[in-house]
Amino acid sequence: MKITYEKPIVEMQGDEMTRILWDWIKQYLIEPYVELKTEFYDLGLVHRDETDDAVTREAGEAIKRLGVGVKCATITPNDQRKVEYNLKRLYPSPNGTIRAILDGTVFRTPILVKGIVPYVPGWTKPITIARHAYGDVYKATDVRIDGPAKAELKVTTSSGEVKTYPVHDFDGPGVLQGMHNTDRSITAFARSCFNYALSVKRDLWLGTKDTISKIYDGRFKAIFADIYEKDYKAAFEKAGINYEYTLIDDCVARVMRSSGGMVWACKNYDGDVMSDMLATAFGSLAMMSSVLVSPDGNYEYEAAHGTVTRHYYKYRAGEPTSTNPVATIFAWSGALGKRGELENNKALVDFAARLEKATLSTIESGYMTGDLAAIFVSDTVKPVKLESEAFLKAIADRL
């Protein structure tokens, strides 16, 4: 008898090679054991174009309604992709759209496995990136300046007062960008970070560039400091952990010299870049879990990497690929485990844990994809490189 659960999970399928892996993961690792109950949204670029991106917004609202979602990697199109897919326009990042709807914080943690040694030898403990999931460049307005122009920032208050701030006098073509954030979202980000650090009993670091962006980044620094002093300092001291603020440059240097083990709070773009750096340094972009936690208790699980375009072109040409599906597997296990936890469904929680254990033990026993086989280190186990589908079948055998 298959494991069942009550409330549907929002399922968001994406693009290219990860779209192929998505179906295989369900076929080999989930559907034989779980009676999947999902509300499905196709976030593939073709369907987003067909719906003028309405499907992305609908998916975000569905997560708010149902509480748990699982998302496949998706394409954020550039000019080359617009031509390749014959798009009506350049659509925004689906992740950015959904995160703006949900707000909250993205927590990304490397998936550690025996035999995969970090490129930074001193990192013996995982480092969790806490990425703010609202605003900044992901909700920015981009403008192309075609010739000489005077750029100003105009703000109209609720009382009708107009304030104008000089930006730049262009003497020729250029580009312009305006971005924002809100006290409410930064406050939710801070509380999510403090609560998460307490739950895992690890130090929390925040790094921004407030020496240059004195008002914008300075607001993050001030809100975190105020909330910490008022609401969390005593709890942190009791738990034996620390909260620290440093400039983002110093934060990067200190992380590189550390043994790991901290929660590193980053603004939206910083978190995007640093999580990719950490994932690669710990072994592979495909070896990092990612979950968005909203202030009102909604969860979106996803892979923290892209759509693996190069492998998709090979797959489409009939060539074998050895694409790492681990992060996508952990997105599914995270969503199923959270649904089980919310419904007090022990069978579903246990299944999610077994799926993760089977995945890691398959790698530790020597069966893995090419990216891991190239860096696997063991005195007793010789790595065997498997194609994508064969690797999933090896996990299924162990599961």
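None of the values given here were measured: they were computed from a predicted structure.
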Self-check item: Test side chain to side chain contact (heavy atoms under 4.5 Å, CB included) applied to F282 and M287, step by step
Solution: CA-CA 8 Å; F282 271 104; M287 297 294 286; over 6 Å; no
Self-check item: S294 and Y299: CA distance, side-chain angles, deciding distance, side chain to side chain donor-acceptor pair (under 3.5 Å) verdict
Solution: CA-CA 7 Å; S294 76; Y299 299 83; over 6 Å; no
Quiz item: Would I329 and E356 count as a side chain to side chain contact (heavy atoms under 4.5 Å, CB included) if you check the C-alpha gap in whole Å, the side-chain angles of each, and the deciding distance to 0.1 Å?
Solution: CA-CA 8 Å; I329 294 171; E356 293 182 0; 5.9 Å; no
Quiz prompt | Pair E39-R65, salt bridge (charged side-chain N to carboxylate O under 4.0 Å, His left out): steps then yes or no | solution = CA-CA 11 Å; E39 191 168 298; R65 175 165 41 84; 2.7 Å; yes
Quiz item: Can you list the steps and then say if E319 with Y313 is a side chain to side chain donor-acceptor pair (under 3.5 Å)?
Solution: CA-CA 9 Å; E319 299 177 32; Y313 291 157; over 6 Å; no
Quiz prompt | Verdict with supporting geometry, T309 and M17, side chain to side chain contact (heavy atoms under 4.5 Å, CB included) | solution = CA-CA 7 Å; T309 305; M17 198 63 213; over 6 Å; no
Quiz item: Should R81 and E16 be marked as a salt bridge (charged side-chain N to carboxylate O under 4.0 Å, His left out) after you check the CA-CA gap, both sets of side-chain angles, and the distance that decides it?
Solution: CA-CA 12 Å; R81 294 294 204 165; E16 299 189 318; 2.7 Å; yes
Practice problem: Apply salt bridge (charged side-chain N to carboxylate O under 4.0 Å, His left out) to the pair D296 and K64, showing each step before the final yes or no. | Solution: CA-CA 9 Å; D296 46 358; K64 290 179 72 173; 5.7 Å; no
Quiz item: Going through the checks in order, is the side chain to side chain contact (heavy atoms under 4.5 Å, CB included) test met by V252 and M274?
Solution: CA-CA 9 Å; V252 171; M274 294 305 172; 3.5 Å; yes
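Looking only at side-chain heavy atoms (C-beta outward), P77 and K82 stay at 4.5 Å or farther from each other. Here the side chains of E50 and V46 are in contact, with some heavy-atom distance below 4.5 Å. Between L247 and T208, the closest side-chain pair of non-hydrogen atoms is not below 4.5 Å. Considering only heavy atoms from C-beta on, Y91 stays 4.5 Å or farther from T97 through its side chain. I375 places a side-chain heavy atom less than 4.5 Å from the side chain of Y119. Side chains of E11 and Y41 form no contact here, defined as non-hydrogen atoms less than 4.5 Å apart. D42 is not listed as a side-chain neighbour of R48, based on a closest heavy-atom distance of 4.5 Å or more. Residues M288 and S275 form a side-chain contact, since some pair of their non-hydrogen atoms from C-beta on lies under 4.5 Å apart.
Using a 3.5 Å distance cut-off with no hydrogens or angles, the side chains of Q177 and D142 do pair a donor with an acceptor. Side chains of Q13 and D23: a donor on one and an acceptor on the other come within 3.5 Å. Side-chain contact, D15 with T74: no donor N or O sits under 3.5 Å from an acceptor N or O. No side-chain N or O of S192 forms a donor-acceptor pair with one of N195 less than 3.5 Å apart. In this model, a donor atom of one side chain and an acceptor atom of the other lie less than 3.5 Å apart for R131 and N268. S388 and Y315 are not linked by any side-chain donor-acceptor pair at a separation below 3.5 angstrom, with hydrogens and angles left out of the test. Counting only N and O atoms by type, the side chains of S93 and N95 include no donor and acceptor under 3.5 Å apart.
Residue N78 qualifies as enclosed at atom CG: its count of foreign heavy atoms under 6.0 Å is above 12. In this structure, K26 places its NZ atom where more than 12 heavy-atom neighbours from other residues, nucleotides or ligands lie under 6.0 Å away. Heavy atoms of other residues, nucleotides or ligands lying less than 6.0 angstrom from CD of E6 number 12 at most.
For residues 168-206, the pairs satisfying ring pair (Phe, Tyr, Trp, His ring centres under 6.0 Å) are F107-Y196, H132-F189, Y134-H180, H168-F170, F189-F224, F194-F224, F194-Y228, F194-Y232, F194-F236, F194-Y243, with sequence neighbours left out.
K150 has a carboxylate O that lies under 4.0 Å from a charged side-chain N of E152, or vice versa, which qualifies the two as a salt bridge. Contact check on R398 versus E364 returns no salt bridge, with no Lys/Arg side-chain nitrogen under 4.0 Å from an Asp/Glu carboxylate oxygen. Of the charged side-chain nitrogens involved, at least one lies within less than 4.0 Å of a carboxylate oxygen, so that D350 and K346 count as a salt-bridged pair. Looking at D49 and K88, no side-chain N of the basic residue comes within less than 4.0 Å of a carboxylate O on the acidic one, giving no salt bridge. Using a 4.0 Å cut-off between a side-chain N of Lys or Arg and a carboxylate O of Asp or Glu, D226 and K230 qualify as a salt bridge.
When each of D250, D249, D270 is paired with K209, the salt bridge (Lys or Arg N to Asp or Glu O under 4.0 Å) condition holds for D249 and for no other.
Between the CG atom in L278 and the CD1 atom in I129 there is a gap of 4.5 Å [rounded to 0.5 Å]. Rounding to the nearest 0.5 angstrom, the gap separating the CD1 atom in I75 from the CG atom in L43 is 12.0 Å. From W264, atom CH2 reaches atom CZ of R254 across 11.0 Å, with rounding to the nearest 0.5 Å. Considering CD1 of I363 and CG of L372, their distance stands at 5.0 Å, rounded to 0.5 Å. The CD1 atom of I186 lies 4.5 Å from the CD1 atom of I223; values are rounded to the nearest 0.5 Å. Separating the CD atom in E300 from the CD1 atom in I101 is a distance of 10.0 Å, to the nearest 0.5 Å.
Note: the hydrophobic cluster containing I111 also contains V113 (ILVMFWY, side chain heavy atoms under 4.5 Å, direct or indirect links). Note on Y138: it does not cluster hydrophobically with L102, by side-chain heavy-atom contacts below 4.5 Å among ILVMFWY residues. V349 and I3 are not part of a single hydrophobic cluster, where members link through side-chain heavy atoms under 4.5 Å apart. Side-chain heavy atoms closer than 4.5 Å link hydrophobic residues (I, L, V, M, F, W, Y) into clusters, and following such links, even through other members, never connects F330 to V10.
Across all non-hydrogen atoms, the minimal contact from Y216 to S213 is CB-OG, 3.0 Å. The shortest heavy-atom contact between S322 and K385 is CB-CE, 3.7 Å. Closest non-hydrogen pair, E31 versus K2, comes out as O-NZ, 2.8 Å. When all heavy atoms are compared, the tightest approach of A239 to L198 is CB-CD2, 4.2 Å. Scanning all heavy atoms of the two residues, the minimum distance from P126 to R202 falls at O-NH1, 3.3 Å. L392 and W24 make their closest contact through CD1-CB, 3.5 Å (heavy atoms, listed as atom of the first residue, atom of the second, distance).
For F351, the ring pair (Phe, Tyr, Trp, His ring centres under 6.0 Å) criterion is met by Y33, not counting sequence neighbours. Residues satisfying the ring pair (Phe, Tyr, Trp, His ring centres under 6.0 Å) criterion with W22, sequence neighbours excluded, are W332.
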